[in-house]
> 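Have a look at the structure that comes next, please.
In the text below, chain A, chain B and the rest are named by the order of the sequence lines, each starting its count at 1.
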Amino acid sequence: MVGRFSGDPPQPRKAIFRRFFHPKTGQEIDRGLLLWFPGPSSFTGEDCCELHVHGGSAVSSAIIDALGSVSGLRYAGPGEFTRRSFQNGKLDLTEVEGIADLINAETEAQRRLALRQMNGALAKLYAAWKDKLLKNVAHLEAFIDFSEEENIEDGVTQAVFDNIVEVQQDIQRHLQDSRRGERLRTGVHLAIVGRPNVGKSSLLNTLCGRPVAMVSPVAGTTRDVIETTLNISGYPVIVSDTAGLRHTNDELESEGVRRAIERSKSSDILVVVVDVRDASVQRFLSSGHSSADRFVSRLLRRLGVVTLQSEGDVERPEVILLLNKDDLIPERKRLELLHAIQGRSRKAFCCLGSCYTEGGLDEFLNLLTTVLQNLCDDSSTESPMLTNDRHRLHLVNCLKFLTKYVEEHRSNDCVLGAEALRRALRQMAKVTGHVTTVTGHVTTTTGDDILDVIFNDFCIGK
Amino acid sequence: MGAKTLLVTHKLDTIGEMSCNPAFGGIGKGHLIKEIDALDGLCGRICDLSGVHYRMLNTRKGPAVWGPRAQIDRALYKKEMQKELSATENLELMSAAVDNLLLGRPTETAHSGVKFNCHGVILESGQTVRAKSVVLTTGTFLRGEIVIGLKSTPAGRIGDGPAVGLAKSLDEAGFKLGRLKTGTPPRLDGKTIDFSRATPSLADNSPVPFSFMNDRVWIEPSKQLKCYLTYTNKAVVDLIRNNIHLNRAVIRGTTGPRYCPSIESKVLRFEERSHQVWLEPEGLSSDLIYPQGMSCTMPEEIQQQIINCIPCLEKAVMVRPGYGVEYDYVDPRQIKSSLETHLIQNLFLAGQINGTTGYEEAAAQGIFAGINAVLKGRAQPPFTLSRTESYVGVMIDDLTTFGASEPYRMFTNRAEFRIHLRPDNADLRLTEKGFRVGCVSENRWARTRQIRDDLDSCLSLLKDFKQPVCKWRTDLDRPEQTSTALKSAFDMISGDYLSVETLAKLHPEVFGQVFSNPVISQRAKIEAMYSHALDEQMEEVEELRRDELIQLPEDLEYESLNISLESKQKLMEIRPETIAAAARIPGVNQSALVVLLRHARNRNRGQMLSSS
């Protein structure tokens with residue numbers, strides 16, 4: 001494996017400086033140390049390879065993702081290295097108890113972490129999939145074990161097939177949707193949109209700390225999408241500055257507008273910049289009760305960026321509203337406005353500031369960081385990506401087995417399909433943590449669950 | 001195995017009595033029979049001499065889950081079984097009731113969990129019988145109680161008394177006992193049934209024998225009997241609903257099997273449905289019909305009324321009412337994977353006493369306990385089978401790890417390596433092991449070797465015969481393709497494209513001879529079908545096997561280990577023999593397992609030192 005990816009075989013037990021590339025995309029992930037421990041002189045007694053990379057969650061996540069994309073590689077189960085080490089007669093006895101404590105702490109932390117994650121909407125989603133898989137595995141198993149002698153309804157296998165195809169599609173969509181791992185690898189897409197001359201390019205330049213985009217008082221200075229990659233609070237962000245949105249007869253500019261709108265639709269984060277002196281802001285202020293959310297959705301509609309606020313739409317980008325040029329209005333008015341947005345929005349997503357004086361931009365960055373965290377992390381723990389990537393891997397594996405089931409469905413032997421489905425269920429059970437076997441080998445605990453479903457759903461009996 | 005053996009039973013005449021349904025095998029159960037046969041157990045061979053309706057179940061679903069099943073002639077089975085036993089060398093039969101165990105102090109090398117040593121049994125007459133090891137197979141007799149309606153009578157089977165003294169002895173020895181129930185349907189007079197309105201179910205035209213030793217079964221295919229199918233209706237539901245207050249079993253609610261429920265519980269749970277009733281013959285010389293699906297504990301007169309509500313049974317006469325049996329069992333978490341008890345050395349338990357149900361489950365434990373009783377008497381290490389190699393192993397591991405909260409029956413879905421644990425390859429999985437331990441005859445081992453060699457050479461022929469895809473396609477009259485990639489005959493027959501027969505016709509010079517043996521060609525085809533999936537599964541099998549190799553010492557002092565209280569309690573109760581078994585116990589956590597690893601290793605090392 002190591003030889004396959006590192007060219008010439010590395011020298012054993014020597015730290016070598018290497019560049020790490022993603023095997024699928026070929027992108028460089030990081031530079032770091034590679035250590036090669038050929039067996040039996042390694043901790044486990046088997047060939048081991050260590051990659052020492054930079055500690056940020058983005059890098060480690062990308063490395064894990066890259067490793068996960070290599071066939072034949074998988075996550076070690078808790079304690080698996082110790083177990084293998086033992087099996088291969090390598091374990092240092094004096095250290096065993098210490099390792100046990102360590103693993104306990106580790107699994108305890110993982111358990112707590114899992115619990116925290118499992119409280120959320122994601123948990124419900126995974127649990128629902130697992131239940132659905134379990135039910136369908138059970139129905140197929142009932143068909144195998146009982147249909148000859150009991151009255152298991154005809155069509156149960158077709159129903160299972162239909163349900164599994166649904167789960168398969170759901171998981172596929174989910175893996176594409178919340179592409180948190182990918183986001184960290186390839187960057188979060190952020191688009192700056194707004195009417196002409198509200199200060200979009202100034203914002204980009206301020207964020208970059210250098211003049212990336214040309215700025216001028218003339219509306220329509222930016223014609224094409226200008227893209228630049230930034231590190232914002234440790235997250236890789238690809239910022240796109242876009243042409244100001246307005247109707248125009250200028251062919252070049254209208255192409256710019258079209259591209260701006262397109263970009264706004266494909267981004268993860270939409271920063272809407274509005275000039276504080278804009279009439280709409282005045283109307284919002286004087287209306288006295290209309291919410292900030294409505295203000296933004298109206299604004300987006302008017303700008304030609306489709307309504308993105310419909311609830312439950314997973315694809316919806318996060319929106320941040322920046323009311324720019326607050327240095328150009330009187331302090332009294334500024335406070336009034338600040339008060340109004342804070343009081344009338346469901347959650348913090350608006351802020352006031354000035355790209356010119358850079359006042360208020362700290363708050364904008366705080367807001368952006370929160371949004372980035374939400375997009376890239378699952379929880380507020382120190383290394384949330386790890387478990388998340390783990391989920392992702394199990395989901396990918398689960399999907400692989402579901403696909404295999406779907407392929408096997410056409411053949412005459414439903415045992416092979418059932419086998420694939422049982423393995424898919426095991427992968428899903430690993431995501432939801434309902435696996436009590438801890439040494440990493442196959443679990444049998446779902447066996448009884450399957451029987452429970454069978455006896456609940458069918459009248460089995462002679 | 002050459003050990004001097006005494007079989008003690010109440011009545012010699014009930015040896016080979018099938019106390020419940022007149023059938024053997026099925027899905028999962030058939031797998032067990034094949035494994036019993038592979039170890040040279042009797043029931044498969046006896047079934048080949050006594051079946052009256054052989055049918056392979058699940059033939060539409062892939063050979064891994066084919067279920068050989070047969071309706072058996074009760075009288076023939078009993079006759080053949082008794083004949084076989086009386087001809088068995090070193091086996092003495094004795095008619096007596098066993099009342100107590102002959103217990104003494106454990107040997108000094110035994111660990112602290114062992115309380116007694118079993119030296120034999122005490123009969124009802126007061127006579128003692130000494131033995132190096134004892135196997136208890138109490139069936140439903142342990143404090144057995146028969147329930148019909150509101151009446152309950154102490155009995156192990158209709159007409160046979162219960163074993164009360166023995167239950168007390170086990171209780172006093174410190175075993176945790178539980179109570180289970182099972183039931184049997186009424187028997188009907190076949191002459192009073194209108195079969196013309198029921199759906200007939202035909203036996204297979206070419207019956208497949210259970211035993212690897214037989215090429216055919218005893219009966220002419222055309223002489224086989226039919227089974228019939230009818231259904232319950234709304235009138236049955238009403239009758240049961242209106243009389244449920246007369247049903248002691250329903251009122252008391254002892255744990256019964258969910259998959260073998262009484263008609264009462266089926267009706268109460270799935271009221272809207274009509275339930276299947278299979279009308280099964282009890283034998284060639286019997287008019288009795290066994291209405292499978294009608295297991296019932298209602299009062300006798302109501303049973304007769306229920307029967308007469310069912311289409312085709314309007315005039316049927318009930319010869320004997322159905323009844324429920326409640327009985328004691330020993331929580332099987334108190335036995336080892338050799339089926340020896342933790343508490344009493346040299347005492348082995350098998351069958352319903354361990355919480356199982358079914359002839360096949362009992363037979364599998366019987367042969368297993370017998371083998372280990374002999375080995376123990378000779379101070380040899382126990383014979384064990386893993387989940388990765390047999391259904392027997394799956395069953396014993398499930399029982400000793402999880403206990404039995406309801407009567408345990410085998411299903412194929414209990415086996416995680418189902419595509420490997422198939423009925424067709426049970427001999428290749430187990431016979432050699434059995435021969436090494438001494439339970440398989442020379443004769444059988446020779447036959448298995450022959451089959452193995454034939455199959456191996458057939459498989460190498462298939463794998464070595466390669467030709468380009470384009471050639472295969474013209475061979476098979478498929479649209480031409482230019483691909484010159486080589487594909488073996490083995491790959492080709494793994495799918496649905498190419499049958500063994502077609503291959504033999506295409507290349508008679510290569511395959512004509514090997515495929516003249518239908519058993520070998522079918523087995524080769526099955527191997528090819530599953531080879532890909534098997535390769536994928538081998539990694540998981542290997543991992544589990546490696547964990548199974550890590551043995552835990554029997555005398556491990558769990559009390560002194562620095563592990564969580566819950567893990568400690570579970571481990572002390574179950575005393576797993578390997579790390580693999582420990583890992584499956586619910587409540588035993590990862591850190592406890594790592595601590596266990598240390599002790600496993602220490603023990604092995606200690607042994608190595610002492611042996612060197």
Side-chain angles (χ1 to χ4, degrees), chain A residues 77-79 82-84 86-87 89 91 93 96-97 99-108 137-138 141-151 411-420 422-423 436-445 447-448 450-452 454-455 458-462, chain B residues 21 26-28 57-58 60-65 67 258-262 265-266 269-270 273 275-276 278 292-293 295 387 398 402 411-414 416 418-419 495-496 529-530 533 537 540 543-544 546-547 549-550 562 579-580 583-584 586-587 589-595 597-598 601-602:
Chain A
T82 315
R83 186 173 57 99
R84 290 206 181 182
F86 179 82
Q87 285 170 334
L91 207 61
L93 285 178
V96 181
E97 298 263 14
I99 291 170
D101 291 345
L102 197 70
I103 288 170
N104 200 24
E106 208 174 281
T107 46
E108 185 53 24
V137 165
E141 291 295 333
F143 175 73
I144 289 173
D145 270 333
F146 301 107
S147 70
E148 289 270 325
E149 293 174 280
E150 318 286 347
N151 35 355
S411 84
N412 283 327
D413 192 340
C414 63
V415 177
L416 289 172
E419 198 55 46
R422 296 207 292 186
R423 299 181 82 177
T436 56
T437 320
V438 274
T439 46
H441 60 61
V442 277
T443 170
T444 59
T445 45
D448 261 3
I450 291 173
L451 284 175
D452 284 342
I454 293 179
F455 293 124
F458 299 105
C459 181
I460 307 287
K462 299 186 205 174
Chain B
N21 55 326
I27 301 153
L57 305 182
N58 259 356
R60 289 180 300 150
K61 291 177 209 150
V65 295
R258 288 177 295 182
Y259 37 78
C260 190
S262 59
S265 38
K266 284 196 275 189
R269 277 200 56 213
F270 295 90
R273 299 189 47 167
H275 301 276
Q276 290 183 328
W278 287 96
Q292 176 176 269
S295 167
R387 303 184 73 87
D398 281 351
F402 299 116
F411 306 112
T412 70
N413 75 59
R414 294 192 191 272
E416 50 278 76
R418 185 161 59 189
I419 49 178
D496 299 332
M529 278 175 70
Y530 289 120
Q537 203 163 70
E540 289 178 13
E543 270 185 72
L544 184 52
R546 285 163 74 175
D547 277 0
L549 284 178
I550 308 177
N562 179 23
I579 278 288
R584 260 194 304 277
N589 64 22
Q590 175 64 27
S591 66
L593 288 174
V594 176
V595 173
L597 281 181
R598 174 183 184 176
R601 165 108 172 177
N602 273 346

> If you take all heavy atoms of B/N413 and A/R422, which pair is closest and at what distance?
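Heavy atoms of B/N413 and A/R422 come nearest at O-NH1, 3.2 Å.
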> Look up atom CG in B/N58 and atom CZ in A/F143, then write down how far apart they are to the nearest 0.5 Å.
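CZ of A/F143 is found 7.5 Å from CG of B/N58.
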> I'd like to know which of B/M529, B/R60, B/R418, B/Q537 tops the heavy-atom pair count under 4.5 Å against chain A.
B/R418
> Any idea which heavy atoms bring B/G62 and A/D413 closest together, and the distance?
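Nearest pair, atom of B/G62 first, then A/D413: CA-OD1, 3.2 Å.
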> Output the distance between atom CZ (B/F411) and atom CD1 (A/I144), rounded to the nearest 0.5 Å.
13.5 Å
> In Å and rounded to the nearest 0.5 Å, what is the CG to CD1 distance from A/D145 to B/I27?
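CD1 of B/I27 is found 6.5 Å from CG of A/D145.
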